[in-house]
Structures are given as C-alpha cells and as structure tokens.
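The structure appears right after this line, and notes come after that.
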Number of protein chains: 4
Amino acid sequence: MGIQERKKREKERRRQQIIVAAKKIFSEKGFTKSTMEDIAQEAELSPGTLYLYFKNKDELYASLSLRILQYLNIRLEDLKNAENMDSQKKIAALKDALYDVYQFDPLVLISMFHLQSSETLKNLSPDLLADIMKLSRRSLRMMAQIFEEGIRRGTLINKNPTALADVVWALFSGIVLWEESKKLIDKNKDYLKQTLDIAFEILSRGVTN
Amino acid sequence: MGIQERKKREKERRRQQIIVAAKKIFSEKGFTKSTMEDIAQEAELSPGTLYLYFKNKDELYASLSLRILQYLNIRLEDLKNAENMDSQKKIAALKDALYDVYQFDPLVLISMFHLQSSETLKNLSPDLLADIMKLSRRSLRMMAQIFEEGIRRGTLINKNPTALADVVWALFSGIVLWEESKKLIDKNKDYLKQTLDIAFEILSRGVTN
Amino acid sequence: MGIQERKKREKERRRQQIIVAAKKIFSEKGFTKSTMEDIAQEAELSPGTLYLYFKNKDELYASLSLRILQYLNIRLEDLKNAENMDSQKKIAALKDALYDVYQFDPLVLISMFHLQSSETLKNLSPDLLADIMKLSRRSLRMMAQIFEEGIRRGTLINKNPTALADVVWALFSGIVLWEESKKLIDKNKDYLKQTLDIAFEILSRGVTN
Amino acid sequence: MGIQERKKREKERRRQQIIVAAKKIFSEKGFTKSTMEDIAQEAELSPGTLYLYFKNKDELYASLSLRILQYLNIRLEDLKNAENMDSQKKIAALKDALYDVYQFDPLVLISMFHLQSSETLKNLSPDLLADIMKLSRRSLRMMAQIFEEGIRRGTLINKNPTALADVVWALFSGIVLWEESKKLIDKNKDYLKQTLDIAFEILSRGVTN
DNA sequence: TATGAATGAGAGTTCATTCAT
DNA sequence: AATGAATGAACTCTCATTCAT
C-alpha cells in the first residue's frame, strides 16, 4: 500500500504544481489569452503532461475555484461553530471571512466569479461541476444558518435565510468585480475594503430588527 | 438633402441589424465562442460588412452596452427629477428602475457586466471606452445624488454617497450575475425579482436613519 | 468633335490624377500594403472610379512605369540626335540621362525595376504589357546605337551592341536597387551618384579601344 | 547523447524539407501569391508545423537567402586565399564564382535580390536581418579586398575598393534580374552567361591600369 | 509517466472588386 | 461617369489537443 500511497501523493503534488502555474498565468493574462503552452512552461512540464491531470483547459481553469471554495468553507465552518456571538458580530465576522477569502487569492476569486454565469460552466465535466456546486451550496447554506439563527432568536428580521445568503454572496461578488473593474481603468483606485465595510454595515443595520 | 437623410437612416438601420444579430449570438454562445461569421450569417450580411460598422469583435461586443447604459441614464434622470418623494420611495424607485433595465434586455445587461472587469475592456478604442465610461459615471453620479439628498435632509445615514452608489451598483450586478448563474445550472430557477426585492428592502432599512 | 475632344482630354486628366495619387501611395507603402482605398482617397475619388480607368491594381501599378519609360525615351532620343560627340562623351551623356531619369522620379523607377522579373508582369493585360515592352525595347535599341556608332568608328571595342546595352541597363538598375537597399538599412547612406560615376567611368574605359 | 543528436538532426532535416518546399513554391508563384498552405502541402506538413520552424512567412522567405549567401562566402573565401593570381585572373575568377552562385540556385538568388530593396526587409526579426547583413557585408568586403590588392600592386586603377565591390554586386544582380525579366517574356532567351562574360570583360579592362 | 513535435480546424480580419443607384 | 456599400474569398497565424516515442 505504501507505494500506492506515495504515488497518489506524488500525483497530487503534480496537480498542485500545475494549479500554481495555471493560477499565475491565468491571473496575468486572463483565460483566453493564456495558452496551455504558457502554463506548461511555467510549471516546467510539457503541454502533454497537463492533459494527464486535467481533461482540458476549461477544467484546469475551473479547478482553481475549488481551492478557494474549500478555503471559504473552512472559514465559514469556523464561524458556524463560534459561540457567544450575537448576530451583529456574526455578520461582521462573515464580512471578515469573505475579505480573508479575497485576500487569500484575489485573482482566483475573480476568476471564479467570472466562471460563474459564463459559457465555460457548461463545458465542465459533470464531476468537477458537481464538486464546485457542492462546495458553493455548502457555503451558502452556512451563511444562511447565520441568518436563521438570528431570526430564531428574534434579533434579525424575518426573511428567507437562503435569500439573505444569496444577497450576501451577490453583494460580495458584485463588490469584488466592480472594484476590480474600477482598478482596470485606474490602477490606483483600490477601495474594496472600504466599500465592503460600508456595504456590510448597511447590511447589518438592514437585517437587524 | 433627402437622399443624405435616407442614407443616414439606412446606415443606422444596418447598425441596428448587426447589433440585434450580435446580441443573439453573443447571448447564445458567449463572447469567445461567437464568431464574426456567425453574427454575419445571423444578420444576413457578409463578414466584411460587419467591419464597415464596427472596428472589430471587441467593439461590436462593447457597443451592446451603450444602448442599455443610455436607457439606464434616462431612467435615472427621470428619478432625479421626480419631486415629492422621500428617500425610501426613491430607493424603491431606484430598484424599479434597475429592474426595468434588466428587463429591457437581460442578455445585454449580463454581457455588460461581463465586459466590466475583463481584459476586453482594455482593447476597446479610446472613443468607445470613453463613451462607456461617461455613461457609467453619469449613472453612478445620479445614484449618488439620491443618497446625497437624503443625507442632507437627515433621513439617511451619513455615508459617502459615492460609496453608497457603488454598493448599489455592485449589489445589482452581483444579483443579476448570481441569479443568472443559478439559472445556468437549473433552468427553472428564477428568483431575480425576489432577491432584488429583499436586497433593496434591506438596503433601504440599512441606510435609513 | 470638340466635345469628344474635351471628353477625351478630361478622361486623360482623370487618369493622370489617379496615377499621381497611386505614385504617392505606392511609394510610401509599397505595392502590397497599398490599398485601392488608399489610392482612391488620395485621388479624392471613390474606389469604384479607379476601375473605370484601370483594369485592376496590377495595371495601375504598371502604368506608372510607362511615364518614366517615356521620359527615358525622350532623353535617349535627344542623345541620339546629338552630333559632334565622341563615344566617351556619349557614354558620359548616357550616364547623365539615366541619372536624370532616376531623379525624375526615383520611387517610380524603383517600382519599375521591381516590376521587371516579378509575378506581376504576367498578370498585365496584353495591351499594357505590349506598351511597356515597346518602350523598353526602343530605349535599349537607342543605347545600342550609341555603341554601334563607336564600334563603326573604331573607337569602341567590337562587342555586340545589344549586349552592351543590356549591360548598361543591368548596371543602372542594379546600382539603383542596391543603393536603395543600403538606404533601407541605413537611411543616411546615399551613394547612388558616386557609385554611378565610378561605374560609368569603368564602363567607359572598359569599352574604349 | 545519441538521442539528442538524432533529434537535432531530424529537426534540421525538417527545416530543410520546409525550405525546399518554400523554394519551389516561392519560385513558381512569387512571394505574395504563395500561401503558407501551399508550402505546407508541398512539404507534406500541416500549416501549423511551418510556424514551429519559422516565425512567419517573411522569415521563411528570407531564410532562403542565408544558404546562398553562405555559399557565396565560401566561394569568395577560396578566391581570397588563392595565390599566384594576378588581378585580371582574380576578376575572372570572381565572375566564375558569381556565376556558380547563380547556378547553385538561380531561383533563390533571384528571390534574394527581390528581398533586397523591398519592404519585407524591414519586417524581419533583428536576428535574421543581422545574419543576412553579416554575410552580405562579409562578401562585399572580400570582393573589395581583391581590388585593394590590385590597387596596392599598381595593376588596378585607384578607386575606392568598397565602391568597386558595390559596382560588381550591382552589376551582377542587375544582370541576373534583367536577364530573368527577359526570360519571363520570352522563355527561350537565356543570355545570362554571355552578358555576364561581356560585362566582366569590360569591367576588367575598365579597372586595369 | 512524461514528452513535445505535429496537427489542423478555425479564427479574425483585409481588401480587390462589383454593381445598384 | 461616379459612387461607395457590400461582398466573400482568401490570408496569416494560433493553439488546444493528440500520440508515437
């Protein structure tokens, strides 16, 4: 078994090696302009090898999302388990978690938001798509639980928690993409943190009874 | 003079003919997978003709945004001029305006949000980019004015109006993209209106003093 | 008849107008990169009009050669008629004539040399080709006559005069093209006159008995 | 080590395979009308493969020149090292060398002369251009040395040797192009050798003291 | 498992030429 | 005669993917 283990570990390491390279290249050039050749070179592998680990370019791209979704899940899990926190605090903590996710890897996060609602999504292998969906759903469910709890306690307004989670997610992604867009035009502008703070302050006030 | 008039009208009609075709194709296949050939065929024109009206594929794509931004501007202009409306009402009206913009042309709106925060933006001709920027900025300024007014009157919390406008825009685009994304996975889901309603209700409560 | 005359004159003027424009554009951009659109614009005409006066782009290009060949013929004619000139002087005068032709329109001359021995030649209409051939042959014949005369008089070595004319023409075109080539690499270099002087001095010594 | 060797050899063979095909196609159709598709087909390769070996069409075209320039260099080198030859003999030998170069590959030589003094030259990659320039310059320098030697010995007239080399080169290229041109019109004519002989006889007489 | 040369379909774009007005 | 919008074939070049080694 030891050998198989080691092989599996090595295989996983290769995958990561490719993912790291892909992240770099995709971030620098965007999806369309990145070539498999570029990524292979960055990973110090041959183009052919990439196809041993990823079905195609789309899947490689989408795989980046998995890592960040996993990180998001961990952060939300922690938040869920946190005790002695009122809803206000939890919402503030949610904001921090999301901001951490952004900082964990801004470019990949943006890639992921691009991936959502785009053609690429349809071309993914069912397996990968299922993985992504599972993680997203779990994240949203955990966010919903925060609101659910507050509603149960009577501190938050009585709105469908799932919808509230959608609002949070939409707000977060909207802010990330919009601030990114402003940065594209004017490199100096970087108001993400501030916009996020204001947005969540309003959100917090808005959902509080 | 009549002849020049007619020619101008015909030229404009051709442009529209191409825009309609482009909208259809881009919506169906996404930017990358749509070919100029596809669009030409849809418009019942030859590929070369497209280039008489649009400098290249990027510009054709971006041109779609212009119309919807113009429509948005008009709606916001109306809102600005509306009298006898308290801030609450104005925010509700703002939501309606944005929803109308969505309904005016959902696919183009989504395209526009995709265009934002993508490499394509940088490849546009300065003229077109300037036009788009001008319209976006004007829209955001008008939204900011709604908040400004409320703050002046003391009915809204004292936050930077420009930032509030950014939050609204991010929220709107985030919801549109996220709900679209959910639809891609499951065609039956269409909660945009509901999510938008909840989001703006929270927003409204959140910014009210 | 007056009207027809006038029409013919006007037609000829239009032709010239186009030729002037074509010369400018071809000189600036070279044959391949010049478009009929460019030339039409320069001539302040529409692309379609060009085709009323020239069968196609190739013919328009080749037409430029005609003018310079005509000029060459005139200069050689003068030379032929010149009396009281020994062969040495005639050869020197021939050099001057050729240099004048170069100065008359360097870019068109170069174009003409490019035209020679290239694909384009085969695509010309028989008429135009015949015109060009007629003028070239006449020029060469006149050069040959200069040598013939000298040989008859015994001042020049007894070589086939036609071959000598070929040598002169090859030498002239070779120098023009080669010096042009050097200029392409280094704009400052312009030794055409000097090279031509040396070449003809040697030629003159070489053919003198 | 053997494997690397073999791969290198194979790579070089492929290059040659492409060059041979390119030569054939360019000769038949001229530069503009030859398509990469044509060449690929002739080489029994796919169009994409051509681009693995040559950056673009221009470079492929220019690459043809390199081989012939190398051959020219070798021939001139031999000539330079030849002892016990007076200047007359050396000039005759120079003519023979040039004629051999012509015979080595007439079509490529003509291509090279076309390349000279054409826009294409400017589009070459600096590396390739540098290679071509280096070889041309070296060839011309070696020709100049022949004259230099004769001048030093007092057997040749005292003219700038560099200019004399230019004259030789211009004369040679002029003759090749002009005789080619005549052949285009009338396939039966082939006076290149004879014209070259006469030209060099005159040259020789002309430069001899 | 890894390679990387080769593939070849297909893209965006250009432009000589035509023809209805 | 002149126009100029429209054509559409043809071009160069790219690059995701394959497969013999």
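Because only heavy atoms are used, hydrogens play no part in the values below, and waters and symmetry mates are left out as well, while side chains stay in. First the proteins, then the strands, lettered A, B, ... as listed; each starts at 1.
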From [atom1] of [X] over to [atom2] of [N], roughly how many Å is that when rounded to an integer?
{"X": "A/R13", "N": "E/dA2", "atom1": "CZ", "atom2": "P", "result": "12 Å"}
{"X": "A/K7", "N": "E/dT1", "atom1": "NZ", "atom2": "P", "result": "7 Å"}
{"X": "D/K33", "N": "F/dA9", "atom1": "NZ", "atom2": "P", "result": "19 Å"}
{"X": "A/F26", "N": "F/dC15", "atom1": "CZ", "atom2": "C1'", "result": "13 Å"}
{"X": "D/K11", "N": "E/dT3", "atom1": "NZ", "atom2": "C1'", "result": "13 Å"}
{"X": "B/Q41", "N": "E/dG10", "atom1": "CD", "atom2": "P", "result": "14 Å"}
{"X": "C/M36", "N": "F/dT7", "atom1": "CE", "atom2": "C1'", "result": "16 Å"}
{"X": "B/E37", "N": "F/dC11", "atom1": "CD", "atom2": "C1'", "result": "15 Å"}

Looking at the side chain of [X], which of [options] is the nearest nucleotide?
{"X": "A/P47", "options": "F/dC13, E/dA2, F/dT17", "value": "F/dT17"}
{"X": "C/L52", "options": "F/dA2, E/dA5, E/dT17", "value": "F/dA2"}
{"X": "A/Y51", "options": "E/dA6, F/dA16, F/dT12", "value": "F/dA16"}
{"X": "A/T35", "options": "E/dA5, F/dC15, F/dC11", "value": "F/dC15"}
{"X": "A/S46", "options": "F/dT7, F/dC13, E/dG4", "value": "E/dG4"}

Do [X] side-chain atoms and [Y] backbone N/O form a donor-acceptor pair below 3.5 Å?
{"X": "B/D38", "Y": "B/T35", "result": "yes"}
{"X": "A/Q17", "Y": "A/A43", "result": "yes"}
{"X": "C/S27", "Y": "C/K23", "result": "yes"}

Based on Watson-Crick and G-U pairs with both distances under 3.5 Å, what dot-bracket line describes DNA chain E 5' to 3', crossing pairs as [ ] and inter-strand pairs as |? .||||||||||||||||||||
Touch check for [X], heavy atoms < 4.0 angstrom, all strands: base, sugar-phosphate only, or nothing?
{"X": "D/F54", "result": "nothing"}
{"X": "A/S34", "result": "sugar-phosphate"}
{"X": "C/L45", "result": "sugar-phosphate"}
{"X": "A/T49", "result": "base"}

Report yes if a side-chain nitrogen or oxygen of D/Y53 is closer than 4.0 Å to either non-bridging phosphate oxygen (OP1 or OP2) of E/dA6; otherwise report no. yes
For atom NZ of A/K55, is the number of surrounding heavy atoms from other residues, nucleotides or ligands below 6.0 Å larger than 12? yes
Carboxylate-amine/guanidinium contact C/E12 C/K8, below 4.0 Å: no
I'd like to know if C/R14 and C/E10 make a salt bridge, using a cut-off of under 4.0 Å between side-chain N and carboxylate O.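 Result for this pair is no, no salt bridge flagged.
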First of A/E44 and C/G48 reached from the 5' end of DNA chain E, by closest nucleotide: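 First, find each residue's nearest nucleotide; the 5'-ward one identifies A/E44.
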Return the 5'-most residue of the pair C/K55, B/K57 with respect to DNA chain E, ranking by each residue's nearest nucleotide. B/K57
Tell me, please, whether C/F31 has C/K57 positioned over its six-membered ring: NZ or CZ under 6.0 Å from the ring centre and within 45 degrees of its axis?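 Cation-pi check for C/K57 and C/F31: passes.
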Aromatic rings C/F26 and C/Y61: how do their planes relate, parallel, tilted or perpendicular, breaks at 30° and 60°? perpendicular
